[in-house]
Amino acid sequence: MVKITLPDGTVKEFESPVTAYEVAESIGSRLAKAAVGAKVDGVLSDLSTVLDSDCALALITEKTRDGKPDAEALFLLRHSAAHVMAEAIQRVVPGAMLVYGPPLETGFYYDIAFPEDRPLREGDFEAIEKEMAAIAKEDRAFTRYEMPVDDGMKKLEAEGSKYKVDNAQRAVAAGSDALSWYATGTPGDNWEDLCRGPHVPSTGRIGAAKVMSLASSYWHGDENSDRLTRVYGTAFFSKKDLDAHLHALEEAKKRDHRVLGKQLELFHIDDAVGQGLILWTPRGAIVRKELQTFIGAELQKQGYFEVFTPQIGKLGLYKTSGHFPYYQESQFPPLVDREHLAMLADEGCTCGQLSNSMGDGDIEGYMLRPMNCPHHIKIYASKPRSYKELPVRLAEFGTVYRWEQSGELNGMTRVRGFTQDDAHLFCLPEQVGDEVQGCLSLVKTIFDALGITEYRVRVGLRDVDSSKYIGDPANWDRAEAACRAAAASLGVPFTEEPGEAAFYGPKIDFVVKDVIGREWQLGTVQVDYNLPERFGLEYIGSDNTTHRPVMIHRAPFGSMERFVGVLIEHFGGAFPLWLSPEQVRVLPVSEKSNEYAQALCDRLVARGVRATVDLNNDRVQAKIKSAARMKIPYSAVVGPRDEEAGAVNVRAFGINDALGSLPTDEFVEGVVAEIACKGSTRLVERFEAAGV
RNA sequence: GCCGCUGUAGCUCAGUGGUAGAGCGCACCCUUGGUAAGGGUGAGGUCGCGGGUUCAAAUCCCGCCAGCGGCUCCA
């Protein structure tokens with residue numbers, strides 16, 4: 001007797017073991033047809049799984065109740081599609097050796113070692129997709145079979161793929177007591193792959209699949225190991241879902257900050273200046289400046305002091321901090337003083353020798369700063385400190401330079417020079433909890449004001465097995481506890497990630513996704529016991545002896561570059577009024593109204609509004625179109641009728657219709673008010689209230 | 001840094017060895033108009049850079065630079 005509990009609590013009893021499919025059939029034939037997998041006691045499984053003891057069973061169907069594709073069903077489908085793609089690829093390129101092919105959030109990939117004389121090219125995609133479609137059409141069943149570890153290993157070794165042997169060894173090391181294969185059809189006759197599963201019942205379930213792109217990867221992620229080709233693909237139950245997905249990708253591309261940055265003239269990157277170095281054009285500079293002003297006001301409220309420090313410092317400073325030569329490879333080469341530079345040039349000294357001499361202290365030089373903390377530390381240390389003045393909070397929009405690998409650079413989100421909204425808090429050990437808390441609430445204030453709700457919080461803890469961490473384990477425990485508690489108090493979900501801590505202390509990161517799903521770390525709060533030690537920082541305690549303060553590094557935006565990049569995508573380029581580079585554009589209906597338009601524009605500018613007037617010899621329709629193209633929040637259309645009435649006709653970005661007429665005074669004040677309150681009340685609401 | 005793809009007008013892109021193209025943008029002219037592009041004329045190019053093959057190269061080959069997608073890295 002097998003008792004099976006369904007999600008709604010019903011219990012079904014069977015005389016002998018049954019498969020999940022048979023249970024589905026016993027409920028209804030339509031369910032059995034729609035089912036693609038099962039969850040047995042919470043574990044995702046094949047529909048053909050035999051249930052031989054009492055268990056909880058949930059059937060997975062293509063779509064959830066509300067008609068959306070089910071995430072777990074897609075997971076099964078894509079895992080299965082990876083097999084089908086692998087089979088197709090091996091047909092197209094004989095000799096391709098499979099390595100590893102997992103499903104992803106929006107598709108799947110397969111890492112494959114191709115013969116050296118026959119790499120895969122994008123031109124092969126069509127042939128692969130054709131084969132995939134053919135395999136799907138054959139509707140072959142995914143058939144699982146198992147072998148004991150010893151026999152299985154022999155089989156794999158005989159087949160001669162070191163990658164599959166390795167996969168099997170890993171499975172065994174992870175505790176598997178048998179190896180499993182999935183044949184796409186009949187074992188022995190059809191294509192098969194060592195695989196843990198689970199899969200959809202048959203290849204016919206793959207309604208639409210597409211090979212998306214090629215990339216390289218390393219075996220085991222190790223750059224010294226074999227180089228593999230990673231083939232990305234995606235699959236859906238229906239062609240319609242695939243088309244919707246591809247359309248969404250197209251739409252996302254339009255929101256890409258690199259595309260919008262050009263279109264809206266927000267920033268420019270120029271080869272002649274250098275890779276990864278952002279030139280903030282006037283419009284982008286406005287957005288950045290507004291954000292800096294905003295955060296500056298928040299900092300003042302929270303008792304920070306603003307400081308200014310230079311962008312270079314002596315090598316010795318960074319030796320003390322540990323940045324040089326420890327992180328030499330990710331820094332710009334040092335600046336050598338004139339005398340030595342000439343000398344070195346004469347001697348034909350290489351860069352390697354040069355930096356060795358610097359490391360040894362033979363030569364003094366300067367470094368473009370990779371971090372702001374050493375300068376702030378020197379301000380803290382510039383006079384004796386009493387416990388009474390702690391915490392000391394020093395803030396600076398500090399520009400730093402890091403030599404990121406060329407392949408990593410990405411628009412504004414990964415650059416070589418960037419400005420952190422940085423601050424360093426020097427506090428008593430017992431103040432760490434409160435200060436971390438204060439930093440987090442600052443980040444939250446800012447995120448809330450900008451409507452950023454889609455983010456995750458990552459608490460980076462040390463990996464206890466690693467030796468890369470500096471400092472007293474007891475301090476680490478305390479700081480980790482403080483971070484955990486502070487993160488928990490935020491009221492948003494957070495994950496604890498061992499191994500993600502900085503070498504000098506635990507941290508809390510705010511991570512957001514860009515339009516193509518890549519994650520970027522923005523705000524960060526990091527506890528640091530290391531630098532106070534290295535710099536010998538002190539304060540006089542109430543016991544009249546010296547003590548060591550604790551440092552907290554924090555940057556709620558992370559960097560202005562990355563933050564604005566992410567923000568461009570967040571708003572799709574349509575910034576809220578207070579951030580918008582051009583807030584109002586006045587559009588005269590004809591040249592006859594140019595003067596009236598100019599006067600209105602002047603009035604707005606006099607009230608601090610970023611307004612312009614479109615005096616081009618275009619019809620108003622064309623002016624509206626170009627204002628929309630630049631995503632200007634408000635357009636004010638003015639013609640003879642408005643001039644007579646002392647009014648303007650208002651349009652708002654994103655609303656494809658005129659809102660209506662407002663007396664000029666009311667419009668100007670409404671715009672000013674909306675800017676001042678950062679959009680918490682909006683001018684458009686007046687029209688909505690009036691039923692427009 | 002590694003693998004693959006891409007690089008043509010300010011922007012988006014077409015151009016498979018034989019006189020460098022389109023749309024948008026820009027300038028000027030006509031038009032003076034009422035809510036998502038009126039019409040005309042014109043300017044604008046070292047086809048990423050360097051080398052090679054060829055009677056002839058945007059086009060084929062090699063090297064470099066940059067961008068894109070990943071990998072790896074990320075204080």
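Everything quoted here is computed from the prediction, not taken from an experiment. Below, all heavy atoms of this structure are taken into account, side chains as well, without hydrogens, waters or symmetry copies. Note on naming: letters A, B, ... go to the chains in the order of the sequence lines (proteins, then strands), and numbering restarts at 1 for each one.
Going from atom CH2 of A:Trp219 over to atom C1' of B:U72 covers 17 Å, rounded to whole Å. Residue A:Gln331 contributes atom CD, which lies 13 Å from atom C1' of B:C74 at whole-angstrom precision. A:Glu497 places its CD atom 15 Å from the C1' atom of B:C74, with the value rounded to the nearest Å. Atom CD in A:Gln420 sits roughly 17 Å away from atom P in B:C74 (whole-Å rounding). Whole-Å rounding puts the A:Ile112 CD1 to B:C71 P distance at 16 Å. Regarding A:Asp514, its CG atom lies at a distance of 12 Å from the C1' atom of B:G69, rounded to whole Å. Rounded to whole Å, atom P of B:C68 lies 9 Å from atom CG of A:Asp256. Distance OH (A:Tyr232) to P (B:C3): 17 Å, rounded to an integer number of Å.
One can find a donor-acceptor pair under 3.5 Å joining the base of B:G1 and the side-chain atoms of A:Tyr218. In the interface, the side chain of A:Ser216 is paired with the base of B:G70 through a donor and an acceptor atom under 3.5 Å apart. Counting atom types as modelled, A:Arg414 pairs a side-chain N or O with a base atom of B:C74 as donor and acceptor under 3.5 Å.
Proximity of residues 269-280 of chain A to RNA chain B (heavy atom under 4.0 angstrom from any strand atom) is restricted to A:Asp271, A:Gln275. For residues 403-413 of chain A, proximity to RNA chain B is found at A:Gln405, A:Ser406, A:Gly407, A:Glu408, A:Leu409, A:Asn410, A:Gly411, defined as any non-hydrogen atom under 4.0 angstrom from a strand atom.
Rounded to a whole angstrom, the distance from the P atom of B:G51 to that of B:A56 is 16 Å. B:G42 and B:A37: their P atoms are spaced 26 Å apart (whole Å). Rounded to whole Å, the C1' atom of B:U12 lies 28 Å from the corresponding atom of B:C3. Distance check on atom P: B:G10 versus B:A43 gives 16 Å, rounded to whole Å. Distance check on atom P: B:C60 versus B:U16 gives 10 Å, rounded to whole Å. Here, B:U59 and B:G18 have their C1' atoms 11 Å apart, quoted to the whole Å. Separation of the C1' atoms belonging to B:G23 and B:U31 is 23 Å when rounded to the nearest angstrom. On the P atoms, B:A66 is 33 Å away from B:C26, given to the nearest whole Å.
The salt bridge (Lys or Arg N to Asp or Glu O under 4.0 Å) test with A:Glu519 singles out one residue from A:Arg456, A:Arg414, A:Lys513, and that residue is A:Arg456. The side-chain contact (heavy atoms from CB on, under 4.5 Å) with A:Val648 is formed by just one residue from the set A:Leu600, A:Val586, A:Asp642, A:Val637; it is A:Leu600.
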- Which nucleotides of nucleotides 31-37 of chain B have their base under 4.0 Å from a protein heavy atom (B), which only their sugar-phosphate (S), and which neither (-), written as one string 5' to 3'? BBBBBBB

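Residue A:Arg258 places no side-chain N or O under 4.0 Å from the OP1 or OP2 atom of B:G67.
In RNA chain B, runs of at least 3 stacked Watson-Crick or G-U pairs (N1-N3 plus N6-O4 or O6-N4, or N1-O2 plus O6-N3, all under 3.5 Å) give these stems: B:1-7 with B:65-71, B:10-13 with B:21-24, B:26-30 with B:38-42, B:48-52 with B:60-64.
Classified by interplanar angle (parallel below 30°, tilted 30° to 60°, perpendicular above 60°), the ring pair A:Tyr109/A:Tyr100 is perpendicular.
Side chains of A:Arg562 and A:Leu522 form a contact here, defined as non-hydrogen atoms less than 4.5 Å apart. Put simply, the side chain of A:His553 does not reach to within 4.5 Å of the side chain of A:Thr524, judged on heavy atoms. In this structure the side chain of A:Pro506 reaches within 4.5 angstrom of the side chain of A:Trp476, judged on heavy atoms. Looking at heavy atoms from C-beta onward, A:Arg651 lies out of side-chain contact with A:Leu587 at the 4.5 angstrom threshold.
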- Just do the side-chain contact (heavy atoms from CB on, under 4.5 Å) check on A:Trp403 and A:Arg416 with the steps written out, would you? CA-CA 6 Å; A:Trp403 187 264; A:Arg416 284 185 174 164; 3.3 Å; yes

- Item | Test log, rule side-chain contact (heavy atoms from CB on, under 4.5 Å), inputs A:Phe426 and A:Leu537 | CA-CA 9 Å; A:Phe426 302 86; A:Leu537 297 184; 3.7 Å; yes

- Chi angles and distances behind the side-chain contact (heavy atoms from CB on, under 4.5 Å) call for A:His257, A:Leu264: CA-CA 10 Å; A:His257 77 279; A:Leu264 304 178; over 6 Å; no

- Item | A:Lys162/A:Asp226 under salt bridge (Lys or Arg N to Asp or Glu O under 4.0 Å): CA gap, chis, key distance, verdict | CA-CA 11 Å; A:Lys162 64 172 177 175; A:Asp226 297 9; 2.7 Å; yes

Quick test: give all pairs of protein nitrogen or oxygen and nucleotides 5-14 of chain B nitrogen or oxygen below 3.5 Å, distance rounded to 0.1 Å.
{"residue": "B:C5", "atom": "OP1", "partner": "A:Arg121", "partner atom": "NH1", "Å": "3.2"}

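Defined by atom type and a distance below 3.5 Å, a donor-acceptor pair is missing between the side-chain atoms of A:Arg518 and A:Thr413. A donor-acceptor pair shorter than 3.5 Å cannot be found between the side chains of A:Asp422 and A:His376. At a cut-off of 3.5 Å, with distance as the only test, no side-chain donor of A:Ser321 or A:Tyr504 sits close to an acceptor on the other residue. For the residue pair A:Glu396 and A:Asn372, no side-chain donor N or O sits within less than 3.5 Å of a side-chain acceptor on the partner. With hydrogens and angles left out, the side-chain atoms of A:Tyr163 and A:Asp111 include no donor and acceptor closer than 3.5 Å.
Counting non-hydrogen atoms of other residues, nucleotides and ligands closer than 6.0 Å to CD of A:Gln621 gives a total above 12.
Mapped onto RNA chain B by nearest heavy atom, A:Met371 and A:Asp222 fall at different nucleotides, with A:Asp222 at the one closer to the 5' end.
Among the protein residues, A:Arg518 comes within range of the sugar-phosphate backbone only, with heavy atoms under 4.0 Å from sugar or phosphate atoms but none that close to a base. As judged by a 4.0 angstrom heavy-atom cut-off over every strand, A:Tyr504 is placed among residues touching the sugar-phosphate backbone only.
In this view, A:Ala482 and A:Val432 satisfy the side-chain contact (heavy atoms from CB on, under 4.5 Å) rule, not counting sequence neighbours.
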